[in-house]
Amino acid sequence: MTPAARIAAVIELLGQIEALQRPADTVVQEYTRARRFMGSKDRRAVMDRVFAALRARARLNWWVARAGGESRDEAERRAETAAAGPRHLVLAALVLIDGMAPEDVAGLCDGGQYHPGSLEPDERALVDALAGQPLTHAEQPLWVRVEVPAWLIPSFERVFGDHLERELAALNQEAPVDLRVNPLIEPSREAVTAALAEHGMDAAPTPYAPNGVRLAGRRAVTNSAPFRDGQVEVQDEASQIAAALVGAAPDMAVCDICAGAGGKTLALAGDMDDRGRLVALDIDAERLGRAGPRLARAGAHTVERRVLADERDPWLDANAEAFDRVLVDAPCSGVGAWRRQPDARWKLTQKALANHTDLQDLILDQAAPLVRPGGRLVYATCSLLPEENGDRVAAFRERHPGFVPLPVEHVWAETIGGACPGSGPDLTLTPARTGTDGFYIAVLERREAA
Ligand SMILES: C[S@@+](CC[C@H](N)C(=O)[O-])C[C@H]1O[C@@H](n2cnc3c(N)ncnc32)[C@H](O)[C@@H]1O
């Protein structure tokens, strides 16, 4: 593909992502798969440009509105509604992100076959007006500069305080690929690192998670022998830490109540050496079904999988106080994963957040009776919003005073060992603090029978 044809593809894709309201990576994958003429370099170049524009969406929109002569307030309103349209967005990105001169942008947009159409007079005026401007500008309101919806700023201020800009900048960077070495197949992280190197993948141990390795660059791990043989799973270090803090051990009874496709169940099975009782629950049969082949590949043969009918499923009563550990990896807004899905930030609504918090309360109430006295309930989300994290734990404790949060540094010392990147009743992992996805974990001990 010529550089201009790649730009035309980026414009088409940004239009589809906006119109389809589906995750950007899925839209890009389907688009490139349907166009066999796109080589791997074309795919990578187009993907990089699409994601760069999505990461700068509010600022690009603000500039397009400003260059069109709109007032500061109008520019601010436009920045949130993405009124610019994909072509304007890409023209602005070529100037503000790539630093291209207006003549070069006009040269790319020459109306040739498969190229973007020639610049209209208003488009030429836009690129002329933006030339030499910085992407981030002091007159942009905070939420535009940090690329999050304005209504979320108070929540982020609560959790990040003075570090808000630094934290949100890190949450808008590209994420690395982390793998979890599966001790059920190959207990040595070094041996797996060597096997990955044989397949052209450079990996180094993750700073915190005991079984984690981080790849240098992005690679299609799932096509490699170490993945096919079950030696590794793709899992961000934050998720690995959350699973490790459960403290699952051989011969315990452990329940993963929101098991989904089994990401954390696999880690728990590894910590339990596939011995004891490990139950993976979910209300979504299709998702839990996807855990089956993954568990088989990982050599985790003893996991019981069970689809819950609803929060009153009789299985829950029948298993009251049956578990040493219950993990609630709750459904949430996914704010902590915004590095990987930059478009998701503009799709979250206040109503969706309220639905998440209601469901989180419900699942915690469903999970609490399963914990035996002296056992632990571990609450985790891949969110950074206090409404889904500390607020949920505080509300839970009012309803269930028999559950007491354990100091996270003690739990860390007991499970992972080494220096804990936090202290107190809960742990918040962030891209800026720990170089991981955003994650929240609280470990509560049940002191008495309900
Ligand atoms: C964050 S995802 C779990 C991810 C999974 N633990 C992993 O590590 O891959 C949350 C899951 O909770 C499930 N869920 C939603 N409501 C539930 C409920 N009432 N009881 C159990 N699971 C529920 C969803 O279907 C979803 O799979």
Side-chain angles (χ1 to χ4, degrees), residues 23 178-180 182 209 211-212 222 232-246 248 254-271 278-295 297-298 300 303-317 319 323 325-338 340-341 344 348 352-371 377-385 388-389 392 396 429 436-442:
D178 291 347
L179 309 177
R180 186 181 53 77
N182 174 17
N211 295 325
T222 50
V232 292
E233 269 294 327
V234 178
Q235 188 171 48
D236 183 75
E237 189 182 19
S239 286
Q240 299 184 39
I241 291 170
L245 290 175
V246 172
V254 178
C255 179
D256 183 1
I257 196 166
C258 295
K264 293 184 192 61
T265 316
L266 289 162
L268 298 172
D271 287 347
L278 175 55
V279 183
L281 303 177
D282 206 285
I283 50 159
D284 186 327
E286 191 272 328
R287 239 179 254 174
L288 197 58
R290 278 192 270 134
R294 298 178 76 191
L295 290 163
R297 189 181 61 238
V303 179
E304 294 170 46
R305 277 182 294 144
R306 169 169 283 273
V307 179
L308 289 177
D310 56 32
E311 63 277 5
R312 289 181 305 277
D313 191 305
W315 184 93
L316 296 165
D317 276 344
N319 284 274
F323 293 95
R325 302 282 186 271
V326 176
L327 170 62
V328 177
D329 185 25
C332 70
S333 60
V335 165
W338 278 357
R340 299 167 200 283
Q341 289 161 349
L348 180 62
L353 178 58
N355 289 342
H356 288 311
T357 58
D358 287 350
L359 187 54
Q360 287 152 1
D361 288 342
L362 192 115
I363 298 175
L364 278 167
D365 289 346
Q366 172 187 315
L370 298 175
V371 184
L377 176 67
V378 180
Y379 178 67
T381 71
C382 61
S383 174
L384 290 165
L385 302 176
E388 301 186 272
N389 296 340
R392 299 284 53 79
F396 172 78
L429 306 169
T436 61
D437 280 352
F439 231 90
Y440 173 87
I441 304 133

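Counting starts at 1 for both ligands and their atoms, following the listed order. Position 1 is the first residue of the sequence, and the numbers go up from there.
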Identity and separation of the nearest protein heavy atom to atom 25 (O) of ligand 1: Asp282 OD1, 2.6 Å
Protein contact to atom 20 (N) of ligand 1 [nearest heavy atom, distance to 0.1 Å]: Gln366 NE2, 3.0 Å
N or O pair under 3.5 Å between Asp284 and ligand 1: no
Beyond-backbone contact of Leu316 with Gln366, side-chain heavy atoms, under 4.5 angstrom: yes
Nitrogen or oxygen of Gln235 less than 3.5 angstrom from that of ligand 1: no
Distance from atom 8 (O) of ligand 1 to nearest protein heavy atom, with residue and atom: Lys264 NZ, 2.9 Å
Closest protein heavy atom (residue, atom, distance) for atom 12 (O) of ligand 1: Cys258 CB, 3.3 Å
Results of salt bridge (Lys or Arg N to Asp or Glu O under 4.0 Å) for Glu237 - residues two or more places apart only: Arg214
Side chains of Thr381 and Gln360, donor plus acceptor under 3.5 Å: no
Non-hydrogen atoms of Gly260 and Ala291 that approach each other most closely: O-CB, 4.2 Å
Basic-acidic side-chain contact under 4.0 Å: Glu388, Arg392: no
Part of Cys382 within contact of ligand 1 (heavy atoms, under 4.0 Å): neither
Non-neighbouring partners of Arg340 that pass salt bridge (Lys or Arg N to Asp or Glu O under 4.0 Å), sequence neighbours left out: Asp236, Asp437
For atom 2 (S) of ligand 1, closest protein heavy-atom neighbour: Asp329 O, 4.0 Å
Closest protein heavy atom (residue, atom, distance) for atom 22 (N) of ligand 1: Ile257 O, 3.5 Å
Side chain, backbone, both or neither: Ala259 near ligand 1, heavy atoms under 4.0 Å: backbone
Asp282 side-chain N/O to Leu288 backbone N/O, donor-acceptor pair under 3.5 Å: no
Location of contacts on Ile363 toward ligand 1, heavy atoms closer than 4.0 Å: side chain
Shortest protein heavy-atom distance from atom 14 (N) of ligand 1, along with the residue and atom involved: Ile283 CG1, 3.7 Å
Heavy-atom closest contact (Ala267 atom, Gln235 atom, distance): CB-OE1, 4.2 Å
Ion pair Asp329/Lys264, N-O distance below 4.0 Å: yes
Residue and atom name of the nearest protein heavy atom (relative to atom 9 (O) of ligand 1), distance in Å to one decimal: Gly263 N, 3.2 Å
Side-chain donor/acceptor of Arg325 to backbone N/O of Val378, under 3.5 Å: no
Asp256-ligand 1 polar pair, N/O distance under 3.5 Å: no
Gly260 neighbourhood, listing ligand 1 atoms whose heavy-atom distance to it stays under 4.0 Å: 27 (O)
Per-residue contact class, Arg287 against ligand 1 - non-hydrogen pairs under 4.0 Å: side chain
